[in-house]
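Shown next, in structure tokens, is the structure this report addresses.
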Amino acid sequence: MNARTALLAIALLAAGAPAARAAASDDATLKDDIKVLTELVRDLQRRVSVLEARTAARTPAPAATSAPSVIRPAPAAARDLAGTAQEAHPSAAPAAPIAAARPGATPDYVSPEAMLKASWNQVVAGMGKPAVSALLGSPSSTFHIDGRLVWYYNYPGAGRGSVFFTDAGQVSSYQSPFPGFGW
Amino acid sequence: MMRNRARCPSGECSPASPPRGRLLAGNGYATTFLGALFVALAALLPARSADAVPSYARQTGLACEACHTAFPELTPYGRRFKLNGYTIDNLPQVSGISPTKQETLLLNQLPPLSFMFQTSYTGTKTALPDSVLPKSFAKNGQVLFPQQASLFYAGRIAPNLGAFVQMTYDGTDGEFGWDNTDIRFAKAINENLLLGLSLNNNPTVQDPWNSTPAWQVPFDQRSSVAPTPGAATMIDGGLVGAGVAGLTAYAYLYDSVYAELGGYRSAPAAAQIDSTSTNVVNGVAPYWRIAYEHQWGRHSWEIGAYGVVAKLYPGGGIALSGPANKYSDWALDSQYQYIGDDHIMSVTATYIDEKQSLDATYGAGASTNASDRLKTFRIGASYLYQRRYGAALGYFETTGSSDALLYPAGVPVVGFADGSPNSSGWTGELDWLPYENTKLALQYTKYSKFNGGSSNYDGSGRNASDNDTTYLLFWFNY
């Protein structure tokens, strides 16, 4: 490297330093903006969760529309129902376990489990398939047990539930996925 | 339930349950009242308990109607679930995987526990005699609170291993003890063949159909304080009353053909089995079962046969050696089910024929005949509307050889007329199930013949119809 080249390099570096400093400053600003926006989104999520839970609690069961969009059931374990015809529901989409969606707890925070439980609590005998689908989303799988149509919901990490339908397509009974000491 | 092995050490039990009290009490009576011991065992008819427990629903995520029409009656799918070893699970589980990727541990985070509670009212047409005061009567209309209260472990234990374990507080004798138990290992060899093992303490408790004695419906629940006919076959309560444990192996082919073979040994609740025990199994009592089920649409129909051959030492003061009595039971059973959305119908029937070779009893002078015969027939039909309102009607009959020593006369309420074990009658029941786990039942039993007679069957002026029983039961599982 000769002296001319060295001077040119120094000149270029000197000229580029402010630009580099400006870029670093922009990154930091962007990170700050992202942080703020993230907090904002989380806050909005909390508010929406609270509002949905309140709406779900007030809405009569058949008219409920608060589908748990965040918590989609994953396909059911394949071998569980030996001897019964099984078919994967076309619209069933696997999702992250419920626990993964849990944001930081706040006084107004309503957990996805609670939302899901509220949805299951609105299922009643006589309800039609569309109403069940609106409440619970698409089942993980559908099959028949002794001739009765069953929608089976599998929530990894939380449990499984089922809805039994009559020939007329109305709910005859159901089992909530929450395995507490309740019926 | 089967836990009717109660003793009455004081010998002052109510005549309502005389076989369990008076006849099992006091080993010193043994030789003289040997025949009565058999009557006692016969009278240990189990007041059968539930095979439906919410922990199964919590485990599988399936609604109750997957496995039950109305508890404890099983649907075809419920039968498969039972034969699969109660192992379709739901609860989040802690699993251990070996280096070869085999599951070595699969524990439910929440134990599959359930609770059952029954309370009942029993009234007989005529009050029972007072147990102490002559010519006096006991109070008619007895409330049992509880009649039974049970704790269940019902569900998966490990991969391919599951259990139905029941412990019961019996309100009749005020004792808490071990009850029905069925621990299973099952493995599907392929889509068409299932093999399994059952370790249990009641012959037919492991059976998936509700036409065999342990779980026969309707009328799986009866009063535990009302008088009941005094003669019954070994497979219909006699063996379980003496206390047994058995291991059976079964195969289920094409969801249709069922075959089972195993054996039972004595396992009473006692520090040791000696001459104070009664009806002790000599060696192993082989048990067998075959059945065929056809399912079409919402209908299913089963026909089968089962039996046991038991060589028993009568005990009760007699050494457990030398001649033994041999009871050869064979039975036919059938069950039809229609399970519609609104309407459910079931018909169950069983016929049991027991050949008794009473070498030990006859040799001890406690039976008139060296061999006797005892036959039982039961049929029942039930209807359930929207799984909420039900009605059932059934007929029962026991007939057999007359044996004046085996079926003694002259004992109030539990005595026999002319040494005859014959009894017959009808039972009707109305059910209301406000919830899937709750049942209210009103049952009436009408006897046309009781312990060999219709009128003055016990020689004390009591008629068969005096034992007609009104029974109100409230029952829930949680």
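Letters go in sequence order (proteins before strands), and every chain restarts at 1. Below, each value reflects all heavy atoms present in this structure, side chains not excepted, and no hydrogens, waters or symmetry copies.
- Nearest approach of B:Thr60 to A:Tyr152, heavy atoms of both residues: O-OH, 2.7 Å.
- B:Arg387 places no side-chain N or O within donor-acceptor distance of the main-chain N or O of A:Ser172, the cut-off being under 3.5 Å.
- Atom CD of B:Glu65 and atom CG of A:Asp146 lie 10.0 Å apart (nearest 0.5 Å).
- The shortest heavy-atom contact between B:Asp341 and A:Ala168 is OD2-N, 4.4 Å.
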Going through the distances and angles, do B:Leu62 and A:Ile145 end up as a side chain to side chain contact (heavy atoms under 4.5 Å, CB included)? CA-CA 10 Å; B:Leu62 292 173; A:Ile145 288 181; 4.1 Å; yes

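- Taken from CG in A:Asp167 to CZ in B:Arg298, the straight-line distance is 4.5 Å, to the nearest 0.5 Å.
- When all heavy atoms are compared, the tightest approach of B:Ala63 to A:Gln175 is N-CB, 3.5 Å.
- For chain A, the nearby part of B:Gln295 is the side chain; its heavy atoms alone come within less than 4.5 Å.
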